[in-house]
Amino acid sequence: HGSQAEARDVVVFAAASLKNALDDAGAAWTQDSGKQVAISYAASSALAKQIDAGAPADLFFSADPDWMDYAASKGLIRPESRADLLGNSLVLIAPRDSAVQIPLQPGLDLAALLGGNRLAMGHVGAVPAGKYGKAALEKLGAWTGVKDKLAQTDNVRAALLLVSRGEAALGIVYRTDAASDPNVRIVAVFPEGTHPPIVYPVALTAESKHPDAATFLAFLRSSKAKPFFEKQGFVVMSKAGSGS
Amino acid sequence: MILDVDIRHRQGAFTLQARFQSEGKLTALFGPSGSGKTTLVNAVSGLIRPDHGRIVAQGRVLLDTSQGAFVPKHRRRIGYVFQEGRLFPHLNVRQNLLFGRWFTPRRERKAGFDRVVALLGIGHLLDRRPSTLSGGEKQRVAMGRALLSDPHLLLMDEPLASLDEARKAEIYPYIERLRDEGGVPIVLVSHSVAEIARLATSIVVLSDGQVVASGPASEILRHTGLFRQPGPVEAGALIEGRVVQHEEAFELTVVQTRAGTLTVPRLDYPVGTPLRVRLRARDIILSVKPPEGLSALNVLRGQVSCTGEAHGPSIDVILDCEGEALVARVTRKSVEELDLVPGRTVHAIIKSIAFDPEALGGSGFVNMRDMND
Amino acid sequence: MILDVDIRHRQGAFTLQARFQSEGKLTALFGPSGSGKTTLVNAVSGLIRPDHGRIVAQGRVLLDTSQGAFVPKHRRRIGYVFQEGRLFPHLNVRQNLLFGRWFTPRRERKAGFDRVVALLGIGHLLDRRPSTLSGGEKQRVAMGRALLSDPHLLLMDEPLASLDEARKAEIYPYIERLRDEGGVPIVLVSHSVAEIARLATSIVVLSDGQVVASGPASEILRHTGLFRQPGPVEAGALIEGRVVQHEEAFELTVVQTRAGTLTVPRLDYPVGTPLRVRLRARDIILSVKPPEGLSALNVLRGQVSCTGEAHGPSIDVILDCEGEALVARVTRKSVEELDLVPGRTVHAIIKSIAFDPEALGGSGFVNMRDMND
Amino acid sequence: MEGLSPEEWAAVRLSLKVAFVAMAASLLPGIAIAFLLERKRFWGRQALDVLVHLPLVLPPVAVGWFLLIGFGRRGTIGAFLAEQFGIVLSFRWTGAALACAIMGFPLLVRAIRLSIASVDRRLEDAAGTLGAHPAWVFLVVTLPLILPGIIAGMVLSFAKAMGEFGATITFVSNIPGETQTIPSAIYALTQVPGGEGGAMRLTLVSIAISVAALWLSEWLARRVGRRVLAP
Amino acid sequence: MEGLSPEEWAAVRLSLKVAFVAMAASLLPGIAIAFLLERKRFWGRQALDVLVHLPLVLPPVAVGWFLLIGFGRRGTIGAFLAEQFGIVLSFRWTGAALACAIMGFPLLVRAIRLSIASVDRRLEDAAGTLGAHPAWVFLVVTLPLILPGIIAGMVLSFAKAMGEFGATITFVSNIPGETQTIPSAIYALTQVPGGEGGAMRLTLVSIAISVAALWLSEWLARRVGRRVLAP
Ligand SMILES: Nc1ncnc2c1ncn2[C@@H]1O[C@H](COP(=O)(O)OP(=O)(O)OP(=O)(O)O)[C@@H](O)[C@H]1O
Ligand SMILES: Nc1ncnc2c1ncn2[C@@H]1O[C@H](COP(=O)(O)OP(=O)(O)OP(=O)(O)O)[C@@H](O)[C@H]1O
Ligand SMILES: [Mg+2]
Ligand SMILES: [Mg+2]
């Protein structure tokens with residue numbers, strides 16, 4: 001029956017951080033249309049490579065434009081269907097009981113503030129949030145000071161956990177994650193200009209033959225889906241509807 | 001030729017260099033601990049592959065290193081009762097016993113399960129695991145297992161060492177029957193001269209990896225020096241006889257031999273049955289006069305033919321009793337006092353009691369004769 | 001009291017119910033295969049914990065289920081020679097031998113390593129692994145290992161079964177010395193009556209888990225019916241003697257016993273040494289007249305005191321020779337023909353050769369006497 | 001605590017199926033390779049030994065990656081299997097089973113090897129003298145005697161399959177109902193706020209399953225051990 | 001192929017250190033627990049058995065998560081260790097070693113258990129009658145006899161530690177020179193488009209190390225096996 005489901009369902013390969021929002025959106029779509037959607041959540045990098053290896057995905061929803069670019073460069077997606085659907089912002093967090101006040105401005109001496117402690121963030125080369133965080137710290141001139149005081153994790157949720165558990169004194173995560181964890185406090189929000197725009201691009205895969213894939217994509221881009229994303233703290237890009 | 005062995009094999013510092021032929025239906029391997037008996041039997045069974053040499057059993061070449069011939073153990077059809085049992089711990093006694101049967105062609109299955117089980121007295125153990133058996137019980141099951149695989153040759157490495165005498169007494173006749181009727185030649189490792197004397201038709205004496213003597217049992221056993229031991233001297237003459245009469249009242253049997261008439265404890269053989277009788281050298285008293293009023297029922301008349309080598313205080317006197325050679329072991333003092341020089345007529349006195357079941361074998365002689373043809 | 005056992009233990013369908021006391025310095029456990037000998041020895045050594053009962057060894061309570069007392073095996077100081085060797089495969093022979101020594105307080109280390117090694121003939125094996133030893137070699141190493149742990153009590157479960165006679169002959173005197181001088185009481189499991197007769201001072205006969213007889217060896221051995229066996233009947237009288245003279249020319253020794261003078265093969269004991277002499281019932285020929293011209297050197301005069309039960313064709317005639325009880329096994333036919341009724345004077349004829357080393361024990365009698373005090 | 005969602009139940013069922021199939025499918029090759037490695041000396045033995053251990057030595061993601069390259073729709077072996085036998089592994093539960101089987105393989109093989117090494121070869125010799133061909137000896141003597149090792153290997157393989165994540169998600173992704181095993185579902189749940197409850201529930205289910213599996217294996221091992229090991 | 005970068009060399013050195021320490025540190029507890037589980041019947045035995053197997057059954061990330069909660073700076077055990085003994089595990093290579101040790105523990109314990117089960121108890125009895133206290137019996141008889149299992153367990157533990165990723169990165173993150181082991185480095189490399197070359201180099205180093213470790217263990221096992229196993 002599994003393969004039948006696969007034949008019937010629209011298969012979405014989505015970044016794991018989208019789970020709550022997409023699950024809700026998918027359920028709503030199912031209710032609307034009576035059609036099923038199966039969503040495989042994993043790291044964007046893994047998903048991109050799997051699509052490259054012939055995965056039966058209809059939709060690719062990445063947390064990272066780089067991996068969407070990768071897919072595009074290999075001709076794995078239909079470029080005309082690509083849209084930057086969601087946005088997010090990056091925040092500096094500390095454990096709830098921490099009293100630190102850190103204004104995020106150029107010349108920031110984060111290293112001194114950390115002292116012997118560590119700054120938790122996604123892997124700066126591998127995890128999108130890590131890449132954005134590194135860019136922001138560079139922009140603020142704090143990178144060289146803290147680069148030896150990082151605790152890099154394989155996903156941003158692990159970085160959140162490190163701060164939440166008080167292992168790391170500070171952390172850089174998405175606002176969507178920070179908002180949900182009562183054990184952390186948002187110290188500051190990274191100004192938009194400090195890092196490339198945080199966008200979640202979505203596209204139909206080149207090999208998708210599912211008749212309903214485009215419908216689901218349209219649904220995601222419609223206002224009907226908007227509340228589900230916003231509920232999780234994502235910014236639904238205003239231009240989303242008009243994307244190519 | 002039943003067994004023709006000529007092998008050389010090194011094992012650490014020990015070298016087995018064995019060369020012998022045996023035509024006996026039961027070849028006894030005799031020798032002190034560490035002399036290479038097990039190694040030799042292992043070579044015959046195919047468990048070890050000797051460095052050099054040739055083994056032929058019943059005309060079948062099992063090993064010939066010069067031609068690179070080596071029959072693997074599972075194709076030799078050689079039953080092996082190991083010195084240490086080696087029962088399969090995951091099978092119960094019944095399954096152990098029947099193990100070999102799975103691999104025996106149906107029409108070659110001759111050994112009767114019930115008969116073997118009854119003989120070995122293991123009927124009450126059939127559903128038990130080997131780990132719950134006593135030492136002797138294990139050994140009996142191991143014997144049964146080998147017997148029930150209907151081998152073409154049976155190797156037994158001290159199978160009876162851990163059994164009590166009563167049990168042995170029950171098993172001996174069975175081995176004899178196997179030897180005589182079953183047509184299964186046997187190689188028996190034993191360090192009991194009594195056992196060998198009772199059962200063997202051929203004997204191979206090993207010492208330090210070398211064969212020091214081999215030949216028909218009747219010949220080898222006469223060399224009492226090969227079998228020095230602290231217990232009663234077991235060696236002596238093996239002579240041939242025939243049941244002529246039973247004295248039921250006294251539970252005695254009269255056996256006619258060339259050397260004379262012998263009265264022995266009642267035997268379960270019908271009149272006319274050929275027998276082998278062992279006359280232990282130690283059991284014979286010599287008298288220069290015809291004895292009288294003695295409790296000993298057997299007196300054989302003969303002439304001293306020669307005296308053997310002295311063993312400390314004692315010496316073997318070989319008698320000629322109507323052409324049959326008897327050996328009597330007496331003190332040198334007696335030889336001197338009674339002047340037992342060659343040619344002298346003497347009377348060999350033997351108690352009937354001396355003919356215990358071990359001294360009275362089944363019709364082994366039939367084979368001995370065949371063998372010498 | 002050296003050993004006081006009263007236990008009950010169930011093992012599957014088998015129940016051991018043993019109750020005996022032994023004051024002997026060497027207690028032999030005798031019984032057919034599966035009669036519970038190993039189980040009994042296991043209980044004494046602490047390897048199994050009997051369901052019920054009490055074991056006291058040399059005054060020390062090792063087990064008393066009524067009081068919940070149980071001395072664990074490593075605190076019993078009981079050396080155990082196992083029926084199946086049980087050498088440590090990861091240690092070489094030397095390390096196996098010295099194993100027990102690690103756990104023996106330094107001042108209690110008495111057994112000399114070199115002496116034990118020489119006695120057991122395992123000097124050339126010291127650097128070998130147990131897996132490369134022959135069956136008998138393993139057993140000898142196992143004996144050495146137990147001896148070198150300087151035990152306060154030595155249990156030996158058929159230690160000599162896999163040894164050749166020559167090797168046994170070397171080991172017997174050592175066991176005797178251990179028994180007599182070493183002050184180490186021994187419990188020996190054996191199904192060789194000859195062995196028991198030579199070594200034991202007390203005997204416990206087991207059958208089917210029950211003690212059917214127990215007591216001093218001299219007494220138990222007279223009951224030849226307990227030791228029925230197919231080989232030469234080994235039972236008989238044990239009498240006490242003393243070396244009085246050596247006849248060097250004939251390599252003979254004259255021993256004075258209450259029953260009369262006996263000429264036996266040369267013994268290595270000085271004149272005056274007390275001895276135990278075994279007169280096997282089967283070796284005695286009775287004569288109603290004083291015999292003449294016989295090669296047998298020993299003639300003891302006595303009176304028939306009674307006849308025992310018949311065993312098939314034979315019957316035991318008990319003689320009284322100057323107060324010493326002798327047993328002669330003769331045929332019923334002879335009893336009738338010679339009219340061997342009580343009171344009749346007879347001459348017991350015994351060959352010197354019959355007194356093989358097994359029949360002439362060391363000074364076991366010293367202990368026997370101690371024991372009976 | 002709430003019950004599991006249908007999707008989570010699907011993951012549980014799938015994990016059981018995958019773990020069972022992975023264990024069962026690797027059993028025979030595991031026994032064969034353990035036997036080869038422990039008993040035979042052949043050219044390439046060392047290489048085989050290394051190969052068997054690789055899934056342990058390499059990070060699971062790397063194993064998944066190699067699987068994707070080799071057994072994916074576009075991989076050499078994958079394409080061959082798909083064409084010749086119609087067996088598709090990538091992004092199917094069968095692929096998850098393959099990934100789990102491979103990850104558990106070194107554990108299975110090691111356990112069996114240990115048991116094979118401790119078999120008393122003299123018993124095999126004895127079986128030979130009773131007429132049993134080496135293949136039969138293996139079947140009726142060696143195999144029963146190494147059952148404890150086989151059981152241990154099966155437990156390890158099954159447990160590993162229950163917990164395997166990196167190689168599975170890399171090779172077959174995380175498609176609900178098809179390739180989403182318990183660990184993948186746990187992963188997805190931990191990647192979003194509020195998923196901890198679900199993750200914990202699934203963890204408990206995993207533990208419960210492993211308790212049952214262990215209990216079963218202990219019971220089997222006791223039964224078998226009593227037969228195989230002298231007291 | 002180019003050489004490794006200094007950072008990659010650091011990862012290799014660290015992985016070796018972590019794997020070795022993880023293996024060495026889990027050895028004694030592994031032997032003790034294997035002995036308990038195999039030989040003793042006690043209250044909670046079943047629970048201990050499950051606990052030992054958990055790292056296998058749970059996804060590595062979950063194990064890392066539990067470690068963080070238990071052994072982190074704010075974790076009950078972690079705080080205790082830090083206060084009483086000054087042992088800090090979080091973000092230290094020691095923490096990586098702990099994670100690897102725990103992940104490899106079920107493998108180590110199982111291998112040793114198998115060997116313990118196959119020890120001939122009669123030899124232990126014999127040692128007892130020779131005056132050896134049970135503790136000595138264990139040391140001078142049981143322990144030498146189970147060496148094959150110990151070696152196998154050590155190999156498995158070491159190999160697992162070389163490949164462990166999920167629990168390690170979750171517990172102690174990925175700090176170059178401190179907690180970045182080979183798998184972490186490989187992970188990082190595979191997550192960047194074009195990082196496959198570096199990942200492959202590190203993979204080959206990993207394989208080379210495991211070849212050496214296997215070779216060493218086989219050599220040891222042969223030496224030991226010859227002593228312990230009857231021919
Ligand atoms: N674990 C067990 N379960 C059931 N029965 C057992 C067990 N162990 C021994 N037995 C039985 O107990 C009886 C006595 O065994 P034991 O080993 O004491 O005999 P033994 O007198 O030493 O015999 P042997 O001379 O053959 O060694 C045997 O019949 C044996 O089958
Ligand atoms: N693997 C081996 N390496 C070195 N020497 C060995 C090996 N196996 C056996 N031997 C030696 O070979 C000799 C012969 O051994 P074998 O087992 O054939 O003796 P045996 O005559 O059967 O003795 P026993 O009556 O004690 O069983 C012994 O001295 C033994 O120590
Ligand atoms: Mg032998
Ligand atoms: Mg016994």
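Side chains included, hydrogens not; waters and symmetry mates left out as well; all remaining heavy atoms used. We name chains A, B, ... by the order of the sequence lines, and we start the count at 1 in each one.
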### Query
Looking only at atom types and distance, does a side-chain atom of Arg86(B) sit under 3.5 Å from a main-chain N or O of Arg122(D), one as donor and one as acceptor?
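The answer is yes, because a donor-acceptor pair under 3.5 Å joins these two groups.
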
### Query
Which answer fits Leu87(B), side chain, backbone, both or neither, if we ask what part of it has an atom under 4.5 Å from a heavy atom of chain D?
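Only the backbone of Leu87(B) comes within 4.5 Å of chain D.
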
### Message
For Arg145(B), which atoms come within 4.5 Å of any heavy atom of chain D: side chain, backbone, both, or neither?
### Response
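For Arg145(B), the contact with chain D is made by backbone and side chain together.
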
[atom2] on [Y] to [atom1] on [X], rounded to 0.5 Å:
X         : Y         : atom1 : atom2 : answer
Leu123(D) : His90(B)  : CG    : NE2   : 8.0 Å
Ile78(B)  : Thr129(D) : CD1   : OG1   : 9.0 Å
Lys73(B)  : His133(D) : NZ    : NE2   : 10.5 Å

Count the heavy atoms belonging to other residues, nucleotides or ligands that lie under 6.0 Å from [atom1] of [X], then report whether that count exceeds 12.
X         : atom1 : value
Trp102(B) : CH2   : yes
Phe20(D)  : CZ    : no
Arg106(B) : CZ    : no
Arg45(D)  : CZ    : yes
Arg128(B) : CZ    : yes

### Query
Residues of residues 48-62 of chain B under 4.5 Å from chain D (heavy atom pairs)?
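Within residues 48-62 of chain B, no residue comes under 4.5 Å of chain D, counting heavy atoms only.
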
#### Entry: Shortest non-hydrogen contact from Ala146(B) toward Leu130(D)
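Result for this residue pair: CA-CD2, 4.3 Å.
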
#### Entry: Minimum-distance pair of heavy atoms, taken over all atoms of Ala126(D) and Phe82(B)
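Taking every non-hydrogen atom into account, CB-CE1, 3.5 Å.
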
#### Entry: Residue list, side chain to side chain contact (heavy atoms under 4.5 Å, CB included) with Ala99(D), at least two apart or on another chain
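Only Leu67(D), Ala167(D), Thr168(D), Phe171(D) meet the side chain to side chain contact (heavy atoms under 4.5 Å, CB included) criterion with Ala99(D).
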
### Query
What part of Val137(D) is in contact with chain B, defined as an atom under 4.5 angstrom from a non-hydrogen atom: side chain, backbone, both or neither?
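For Val137(D), neither part sits under 4.5 Å from chain B.
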
### Message
Looking at chain B, which one of Ala127(D), Pro134(D), Ala132(D) has the largest number of heavy-atom pairs inside 4.5 Å, strictly under?
### Response
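Among the listed options, the one with the most contacts to chain B is Ala132(D).
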
### Task
Please name the residue in the list Val140(D), Asp120(D), Val141(D) that meets the side chain to side chain contact (heavy atoms under 4.5 Å, CB included) test with Phe88(B).
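The side chain to side chain contact (heavy atoms under 4.5 Å, CB included) with Phe88(B) is passed solely by Val141(D) among Val140(D), Asp120(D), Val141(D).
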
